[in-house]
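Worksheet: one structure, shown below.
Remember, it's 1-based here, ligands and their atoms both numbered in the order they're listed.
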Amino acid sequence: MTLEDQKNAILLLMDYAVNDEDQTPARELVDRYESDIIALHLFKEFYSYLPEAENDAIRLVRRLDKRGGNFILAVTTNRDTYLYLCNHEGAEFLGNHQEGIWDEEVLGYFGYRREQALEKFAALDDFPVYTPVGLDKGLCLMCAVERGELHRLGCPVEVCPWCGGQLVGCNCRFSQAGVDKFASEAQLDAFIEALEAKGRIPFDPVDQGVGFIKAG
Ligand SMILES: [Zn+2]
Ligand SMILES: [Zn+2]
């Protein structure tokens, strides 16, 4: 699904989910984030499954935390503020801002206990408006990790530790797994194991900017 398809799917959902008087500002917000797949996943999730099952419109998106290409975003709407976990693959509803995060896996991943998260995120004004990943020079354009973090697996910017080429483009993934192509989950796992044993190359905005993709 292209960015444009994704945006059109959202606008269609909004025909039904947003009251007439809120349509214009809500659509302008989608326009502002139309180049950002992470925000588009968020809008799609929100307008597909309205948290209160009542018409609503997103007014503002704030970034509360990020780690390894995963973002905790706070979505302020006409009704309330809700928390979502978002990345390049999708968006997941975490709960109402006031109630905080219940998902133990998410809490563990970001390294806080439930009460700590409640306290940390209490004052929404302390947190910046979410910037589309493409405009944030410190983030990998493709998978949104920051300097020193490992790319999300399959990111086209990740450098191959064996040949220095593009990991998803060179042949090393097959030669390391001893196959011509990946035919099973087990072969892919074997490659990932070899990759981790060799040592993956973390994101560095200086070495691995957009120029790398063009060169590859
Ligand atoms: Zn990346
Ligand atoms: Zn290679």
Run the salt-bridge test on Glu149 and Lys66 with the 4.0 Å N-O cut-off and return the result as yes or no.
-> yes
Between Arg79 and Glu52, is there a salt bridge with N-O shorter than 4.0 Å?
-> no
Minimum side-chain heavy-atom gap Val18-Asp56 below 4.5 Å | no
Check whether any side-chain heavy atom of Leu3 sits under 4.5 Å from a side-chain heavy atom of Glu34, and report yes or no.
-> no
Atoms listed for the Zn ion (ligand 1) (protein only, N, O or S, under 2.8 Å, no waters) are Cys140 SG, Cys143 SG, His151 ND1, Cys155 SG
Are Leu12 and Leu42 connected in the hydrophobic side-chain network, where two residues link if heavy atoms are under 4.5 Å apart?
-> no
Return the set of protein N, O or S atoms whose distance to the Zn ion (ligand 2) is under 2.8 Å, each given as residue and atom.
-> Cys160 SG, Cys163 SG, Cys170 SG, Cys172 SG
Any side-chain donor paired with an acceptor under 3.5 Å for Gln6 and His41?
-> yes
Tyr112 and Asp65: side chain donor to acceptor below 3.5 Å = yes
Under a 4.0 Å N-O cut-off, is there an ion pair linking Arg59 with Asp22?
-> no
Output yes when Asp15 and Arg27 qualify as a salt bridge under the 4.0 Å nitrogen-oxygen rule, no when they do not.
-> yes
